[in-house]
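Order of the sequence lines sets the chain letters (A, B, ...), proteins ahead of strands, with each chain counted from 1.
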Amino acid sequence: MAYNFKEVETKWQKKWEKEGTFNAKQDYTLPKWYGLVEFPYPSGQGLHVGHPRSYTALDIIARKKRMQGYNVLYPMGFDAFGLPAENYAIKNHVHPKITTEKNVNHFRDQLKSLGFSFDWSREINTTDPKYYKWTQWIFIQLFKKGLAYKTTMPINFCTGCKVGLANEEVVNGVCERCGSPVVQKEKSQWMLKITEYAQRLIDDLDDLEYLDKIKAQQKNWIGRSEGAEVKFKIKNTDDTLLIYTTRPDTLFGATYMVVSPEHPFIKKYESKIENLNEVKEYQEKAAMKSDFERAELNKEKTGVEIKGIKAINPLTNEEIPIWISDYVLITYGTGAIMAVPAHDTRDFEFAKKFNLPIKQVIKPKDEKIQEELTEPFTDVENGIAINSEFLDGLESKDAIKKVIEYLEENKLGTKKVNYKLRDWVFSRQRYWGEPIPMIYCEDCGWVPVPEEELPLKLPEIEDYEPGENGESPLAKQTEWIKTKCPHCGKEAKRETDTMPQWAGSSWYYLRYMDPHNDKEFVSKEALKYWNNVDWYNGGMEHTTLHLLYSRFWHKFLYDIHQVPTKEPYQKRTSHGMILGGNGEKMSKSKGNVINPDDIVKEFGADSFRVYEMFMGPFDQTAPWSMESIRGCSKFLDRVWQMQEILTEEPGYSKEFESMMHKAIKKVTNDIEEMKFNTAVATFMTMVNEFTKAKKITRGEYKTFLQLLNPFAPHMTEEIWSQIGEKIEIAKTPWPTYEEEKTIDEEIEIPVQINGKLKATIKANKDAQREEIDNAVESNETISKLIEGKTIIKKIYVPGKIYNIVIK
RNA sequence: GCCGAUGUGGCGGAAUUGGCAGACGCACAUGACUCAAAAUCAUGCGGGAAACCAUGUGGGUUCGAGUCCCACCAUCGGUACCA
């Protein structure tokens with residue numbers, strides 16, 4: 001009686017679908033559990049074997065939670081706006097809607113063939129107007145609160161295609177598609193003020209169960225730094241130049257200043273600059289450089305001194321020169337710095353190149369002052385101020401405090417916190433995205449589309465090519481653009497930019513709670529019950545931006561009293577990537593892509609699931625192996641074959657009682673800790689034991705199948721019904737164990753001499769120290785080894801180890 | 001450079017968190033079944049004749065280190081002058 005996975009898997013999948021077995025219940029009195037996995041972008045290539053790694057993991061947890069009595073929400077949907085569909089449309093003149101629909105259908109079939117317990121009645125799609133109506137609605141709320149604003153920002157612009165490009169489309173400084181150079185072009189863009197939430201996005205991490213590395217990533221990205229803003233007087237004026245520094249204690253060593261090429265200071269003092277042509281030339285060159293070139297050329301510092309203007313160091317009152325250089329960024333701090341070459345790597349390089357004075361104001365603790373610096377000393381933990389008048393002798397940390405006090409007293413500067421985080425560029429000059437629901441009126445300025453008119457649907461168009469100068473393709477839809485100002489009724493124009501792909505995925509977890517609601521984005525009752533997401537798993541590549549954007553939107557919704565909690569996801573974990581058999585990233589060009597459909601066809605969904613869980617630690621990358629999956633398939637065959645050695649005893653046999661209790665404990669814990677690989681190993685060991693004994697009781701088989709069910713739902717369900725059980729296994733309660741029964745009566749204790757294993761003794765689990773001592777001494781090997789030696793110490797860790805130290 | 005991770009048999013990996021290193025699986029070898037092969041089943045499988053030696057390298061702490069500390073090396077991922 002061989003196992004026919006094809007027949008069995010389709011049979012159960014059909015039944016689950018028909019009966020909605022795994023759909024979340026509407027009963028809000030039950031304990032709830034909400035598990036979330038990142039919804040896929042439905043690409044033309046179909047499902048990647050990486051997707052099911054995450055989906056299987058949370059599927060296992062979800063199935064276990066259901067058996068433990070929870071009302072589980074485990075939903076799935078599609079993040080279907082995005083570039084590939086649009087680029088495909090440009091090339092082949094097929095509407096993105098059509099390709100998207102086709103791809104979504106393909107993805108859905110693939111997902112269903114793997115037997116995930118998703119609640120398909122709640123499927124969502126970000127490109128559905130009923131969905132993006134609410135994405136637009138949230139944008140309007142952001143606008144109303146002043147968190148959405150328009151400003152000019154540089155974009156990547158392809159000089160060949162005349163299109164704005166996403167960073168991913170810029171490869172080595174040229175356009176991915178046509179190879180023309182890419183330059184920075186100023187464009188008016190919608191921005192979201194995520195920076196206003198920077199501190200809260202850091203602070204609120206404390207109460208969340210994110211993996212530590214994910215918290216670290218979030219914090220590093222936000223990049224908080226503490227320092228001071230300091231005013232430098234400009235000589236012969238009443239004006240000052242404001243800088244930001246994290247090391248105000250080095251102020252006595254500031255020997256020059258640098259402003260970024262875009263700094264307004266230059267325009268302001270144009271008339272005083274003696275070498276204006278040279279300065280302007282430098283500014284133009286900097287503007288021409290793309291981000292790529294700036295990064296590429298950063299090995300060699302460039303710059304020009306601004307002649308005719310000097311600044312005054314506020315502490316030394318010395319006159320210092322002002323330079324312009326692109327190593328100072330207009331987007332961070334104040335766009336200007338004081339340069340302390342002795343204690344900053346970049347300033348040091350710059351000073352060396354242009355022969356600027358280097359003045360040491362810090363020395364390493366316990367070391368002498370060096371005659372000449374070969375490298376800057378930057379260690380803040382380990383420095384003592386020198387040559388700094390009232391700071392001399394202070395440790396760097398204390399010097400920072402003291403100098404800030406001084407600056408504040410004398411109105412020369414203030415303490416200041418800065419963040420690396422920048423506001424979120426929210427405009428895309430693209431067709432396949434949510435239209436930004438804004439109208440421009442000459443008299444009233446930017447006015448949102450009235451909320452009752454939402455969704456503002458994406459117009460049907462034929463021509464997806466971008467407009468002039470990198471405008472959105474919608475800019476050519478003159479009829480669609482024309483509208484009336486909702487405020488004053490005058491002729492007005494619609495915004496033609498669309499939203500980025502991040503928009504729809506920033507709040508999708510909320511929609512799953514109440515996906516068919518057309519009055520609200522989610523009902524208050526649903527929110528109260530389901531919020532927050534209890535467990536969110538996804539790729540490491542989304543733990544910075546997506547997670548941050550999503551947390552930002554959630555916090556905003558909290559502020560306007562739309563959601564009851566401060567954070568969307570209580571717990572966030574991430575899975576490792578699956579590599580090709582050769583250990584490299586899977587890619588078409590390398591020919592190492594594994595298609596999940598082929599695997600399901602050859603081995604079945606259960607084998608596929610078990611293998612993906614067994615292949616290695618869940619959070620680490622793992623290479624695919626065709627041989628190993630065969631091993632998992634063999635394991636399941638042996639599970640099936642155990643039907644032939646089944647006896648009718650209802651309970652556990654004496655022989656296997658403790659193994660059963662241990663296994664329940666181990667598998668239950670392993671699932672919670674995502675140690676799926678060792679859980680599978682436990683199953684394999686059990687099968688080996690039962691097969692060796694050539695018998696398994698009904699009680700043992702039942703428990704075994706229940707534990708295995710979340711991993712291999714189809715086969716376990718089939719065996720369950722084959723052995724005559726009436727209620728589906730998925731509807732039975734999760735097995736429980738008794739702690740005392742996991743402890744063996746007789747234990748083995750390793751005995752070491754000087755830390756090296758020499759023998760093992762057997763003892764009763766309750767044996768007293770004295771008995772153990774006797775047993776050790778009467779052991780032949782041990783007694784021989786300690787004969788004639790001095791025993792210094794005997795260490796006994798109960799139940800674990802016995803170590804004799806001899807001389 | 002910085003941030004994060006990883007390093008254990010031929011390979012993927014275990015190790016109750018400081019207590020018998022190599023669980024489980026793959027590959028391989030031998031045997032059984034077979035005319036034969038595949039499948040299946042059984043046995044073995046870090047090195048060494050042994051004492052012993054072995055968890056990237058070198059130190060340290062400890063009765064005891066894969067696990068903790070210090071210094072380094074290698075690989076992978078992210079990021080780019082953040083003052």
Item to check | salt_bridge(A:E689, A:R638) N-O dist < 4.0 Å | outcome: no

Item to check | Salt bridge flag under 4.0 Å for residues A:D744 and A:K662 | outcome: yes

Residue matched to [N] through Watson-Crick or wobble contacts both under 3.5 angstrom:
N     : value
B:U43 : B:A29
B:A54 : none
B:A15 : none
B:U79 : B:G1
B:A74 : B:U6
B:U67 : none

To the nearest Å, give me how far apart [atom1] ([X]) and [atom2] ([N]) are.
X      : N     : atom1 : atom2 : answer
A:K756 : B:A51 : NZ    : P     : 12 Å
A:F683 : B:A23 : CZ    : C1'   : 16 Å
A:R630 : B:A27 : CZ    : P     : 8 Å
A:E349 : B:A83 : CD    : P     : 16 Å
A:D344 : B:C2  : CG    : C1'   : 14 Å
A:E541 : B:G77 : CD    : C1'   : 11 Å
A:Y3   : B:U40 : OH    : C1'   : 19 Å
A:K793 : B:C63 : NZ    : P     : 5 Å

In whole Å, measure the gap between the [atom1] atoms of [N] and [M] for me.
N     : M     : atom1 : result
B:A39 : B:G48 : C1'   : 37 Å
B:G46 : B:G10 : P     : 10 Å
B:U34 : B:C26 : C1'   : 26 Å
B:A54 : B:C35 : C1'   : 48 Å
B:G66 : B:C2  : P     : 30 Å
B:G18 : B:A83 : P     : 36 Å
B:G7  : B:C69 : P     : 15 Å
B:U16 : B:G12 : C1'   : 23 Å

[X] side chain: which of [options] is closest?
X      : options             : result
A:Y332 : B:A83, B:C24, B:C26 : B:A83
A:W221 : B:U79, B:C24, B:C63 : B:U79
A:V805 : B:A27, B:C63, B:A83 : B:C63

So [X], base contact, sugar-phosphate only, or nothing? Heavy-atom distance under 4.0 Å.
X      : value
A:K758 : sugar-phosphate
A:R422 : base
A:G631 : sugar-phosphate
A:T245 : sugar-phosphate
A:N418 : nothing

Next on the checklist: With nearest nucleotide decided by heavy atoms, which residue, A:V680 or A:S225, maps closer to the 5′ end of RNA chain B?
Outcome noted: A:V680

Checklist entry - Mapping A:K420 and A:M577 to their closest nucleotides on RNA chain B, which lands nearer the 5' end? => result A:M577

For [X] and [Y], test the side chains for any donor-to-acceptor distance below 3.5 angstrom and give the result as yes or no.
X      : Y      : result
A:Y419 : A:Q199 : yes
A:T56  : A:E612 : no
A:Y244 : A:S225 : yes

Checklist entry - Can you tell me how far the CD1 atom of A:I322 sits from the CE atom of A:M338, to the nearest 0.5 Å? => result 14.5 Å

Checklist entry - What is the glycosidic conformation of B:U30: syn, defined as within 90° of 0, or anti? => result anti

Checklist entry - If anything within 90° of 0 is syn and all else is anti, what is B:G48? => result anti

Item to check | Over all atoms of both residues, closest heavy-atom pair of A:V328 and A:S260 | outcome: O-CB, 3.0 Å

Checklist entry - What one-letter contact string describes nucleotides 11-20 of chain B from 5' to 3', where B marks a base within less than 4.0 Å of any protein heavy atom, S marks contact via sugar-phosphate atoms alone, and - marks no contact? => result -BSSS---BB

Checklist entry - Is the number of heavy atoms from other residues, nucleotides or ligands under 6.0 Å of A:K415 NZ greater than 12? => result no

Next on the checklist: If we check side chain to side chain contact (heavy atoms under 4.5 Å, CB included) with A:V687, which of these qualifies: A:V639, A:T682, A:I696?
Outcome noted: A:V639

Checklist entry - Under the 3.5 Å rule, do the base of B:C81 and the side chain of A:K301 count as making a donor-acceptor pair? => result yes

Checklist entry - Under the side chain to side chain donor-acceptor pair (under 3.5 Å) test, which residues partner A:K665, sequence neighbours left out? => result A:E739

